[in-house]
Peer 1: 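Let me begin by handing over the structure; questions about it come next.
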Amino acid sequence: MAKTSLQLTPKKIPIQTRSKATVEVILQATARILESGGLAVLTTNLIAERAGVSVGSVYQYFPSKEAILIELVRRMRQDLCEDLEGARDSIRGLGLREAVEKMVRASAAHHIRAPRRVEVLEYAELELPMTTEIEALKRRSLSAVLFVLDRYDIIDAPTAAFDLSAMCKGVIGAQAQIGCKDFEPVIQRLTDAVCGYLLGAPDESNS
């Protein structure tokens, strides 16, 4: 899916309850298609068919299938942001490892809820032009990680926040891609890895 100059923002913002319901049906139908067939099978006609609405109804709200994908990516990023901020707000009084585990668990939460959907959307996100709202959500997520690192006086917290966010995304995403059903061992291994990164390797010269 190449980046294009297609109109990618919604054509019409739903206000009435009925209009909002129609938009939700379209988004959920698209999500189900992504989960079962991936991006390759996604068309506006198929979205309309699965949603039980006319193609005209789809175009009334979304100018293209890419616009629908961007809204789903926005919601995915919103979920991740809320998970991380919830974990951030719950670390008071915890030791470093406990705080790290909470943040790692939050990073994995959206994969656990809908692993196939998130896998496809993260791939699509690489190809789609991003909106300012999605970029803001990504910054908020990184800020939540940075807040925790600052709280534990981690040196060069901005670099660590970027590295650790990438580490968690990579490992959790790779596990989801191979069909992982039990993320608990993954969360524990990642917690160990993050703590090792933050605390540094032991000084073997003194052993």
Peer 1: Please check: side-chain N/O of Lys102 versus main-chain N/O of Arg88, any donor-acceptor pairing under 3.5 Å?
Peer 2: no

Peer 1: Taking only residues at least two apart or on different chains, which pairs with a member in residues 137-146 satisfy salt bridge (charged side-chain N to carboxylate O under 4.0 Å, His left out)?
Peer 2: Glu85-Arg140, Glu125-Lys138

Peer 1: Restricting to non-hydrogen atoms, name the atom on Leu39 and the atom on Ala124 that form the minimum distance, rounded to 0.1 Å.
Peer 2: CD1-CB, 4.0 Å

Peer 1: Tell me the salt bridge (charged side-chain N to carboxylate O under 4.0 Å, His left out) pairs involving residues 29-46, sequence neighbours left out?
Peer 2: Glu35-Arg117

Peer 1: Pairs in or reaching into residues 157-169: which pass salt bridge (charged side-chain N to carboxylate O under 4.0 Å, His left out), with residues at least two apart or in two chains?
Peer 2: none

Peer 1: Quick one: closest heavy-atom pair of Ser57 and Ile26, and the distance?
Peer 2: O-CD1, 4.1 Å

Peer 1: Would you check, one step at a time, whether the test salt bridge (charged side-chain N to carboxylate O under 4.0 Å, His left out) holds for Arg75 with Glu133?
Peer 2: CA-CA 10 Å; Arg75 291 185 176 203; Glu133 185 176 2; over 6 Å; no

Peer 1: Can you check whether Gly95's main-chain N or O pairs, donor with acceptor, with Glu98's side chain at less than 3.5 Å?
Peer 2: yes

Peer 1: Hey, any chance Leu164 and Leu199 share a hydrophobic cluster, counting ILVMFWY side chains that come within less than 4.5 Å of each other, even indirectly?
Peer 2: yes

Peer 1: State, to 0.1 Å, how close Val194 and Cys168 come at their nearest heavy-atom pair, and which atoms those are.
Peer 2: CG2-SG, 4.3 Å

Peer 1: Going from CZ on Arg74 to OG1 on Thr131, what distance comes out if it is rounded to the nearest 0.5 angstrom?
Peer 2: 8.0 Å

Peer 1: Could you list the donor-acceptor pairs under 3.5 angstrom formed by side chains in residues 150-157, with sequence neighbours left out?
Peer 2:
{"residue": "Tyr152", "atom": "OH", "partner": "Leu94", "partner atom": "O", "Å": "2.7"}
{"residue": "Asp156", "atom": "OD1", "partner": "Thr159", "partner atom": "OG1", "Å": "3.1"}
{"residue": "Asp156", "atom": "OD2", "partner": "Thr159", "partner atom": "OG1", "Å": "2.9"}

Peer 1: Can you name the residues that form a salt bridge (charged side-chain N to carboxylate O under 4.0 Å, His left out) with Arg113, not counting sequence neighbours?
Peer 2: Asp83

Peer 1: For residues 171-187, please give each side-chain donor-acceptor pair under 3.5 Å, one per line with the distance, not counting sequence neighbours.
Peer 2:
{"residue": "Asp182", "atom": "OD1", "partner": "Glu184", "partner atom": "N", "Å": "3.1"}
{"residue": "Glu184", "atom": "OE1", "partner": "Arg105", "partner atom": "NH1", "Å": "2.8"}
{"residue": "Glu184", "atom": "OE2", "partner": "Arg105", "partner atom": "NH2", "Å": "3.0"}
{"residue": "Glu184", "atom": "OE2", "partner": "Gln188", "partner atom": "NE2", "Å": "3.0"}

Peer 1: Assess, by modelled atom type and distance only, whether the side chains of Thr22 and Ser19 contain a donor and an acceptor separated by less than 3.5 Å.
Peer 2: no

Peer 1: Which pair of non-hydrogen atoms, one from Ala106 and one from Leu80, has the smallest distance, and what is that distance?
Peer 2: O-CD1, 4.0 Å

Peer 1: Closest approach of Ile47 and Lys65, non-hydrogen atoms and distance?
Peer 2: CD1-CB, 4.4 Å

Peer 1: Which heavy atom of Leu142 sits nearest a heavy atom of Ala161, and at what distance?
Peer 2: CD1-O, 3.6 Å

Peer 1: Can you tell me how far apart CD (Glu82) and CD (Gln78) are? Round to the nearest 0.5 Å.
Peer 2: 4.5 Å

Peer 1: Any donor-acceptor pair under 3.5 Å linking the side chain of Ser90 with the backbone of Ala87?
Peer 2: yes

Peer 1: Same hydrophobic cluster for Leu126 and Leu137, using side-chain heavy-atom links shorter than 4.5 Å among ILVMFWY?
Peer 2: no

Peer 1: Set out, in order, the CA-CA distance, both residues' side-chain angles and the distance that settles side-chain contact (heavy atoms from CB on, under 4.5 Å) for Ser36 and Arg50, then state yes or no.
Peer 2: CA-CA 12 Å; Ser36 61; Arg50 295 287 179 86; 4.2 Å; yes

Peer 1: Roughly how far, to the nearest 0.5 Å, is OH of Tyr59 from OG1 of Thr44?
Peer 2: 3.5 Å

Peer 1: To the nearest 0.5 Å, what is the distance between OG1 on Thr43 and CD on Glu49?
Peer 2: 8.5 Å

Peer 1: Verify the cluster assignment for Leu121 and Tyr123: are they in a single hydrophobic cluster under the rule of side-chain heavy atoms below 4.5 Å apart?
Peer 2: yes

Peer 1: Could you measure the distance from the CD1 atom of Ile91 to the CD atom of Glu101? Nearest 0.5 Å is fine.
Peer 2: 13.5 Å

Peer 1: Within this structure, what is the CD1-CZ distance for the pair Ile134 and Arg77, rounded to the nearest 0.5 Å?
Peer 2: 8.5 Å

Peer 1: For the residue pair Phe62 and Val23, establish whether any side-chain heavy-atom pair is separated by less than 4.5 Å.
Peer 2: yes

Peer 1: Tell me, do Leu69 and Leu42 make a side-chain contact under 4.5 Å, heavy atoms counted?
Peer 2: yes

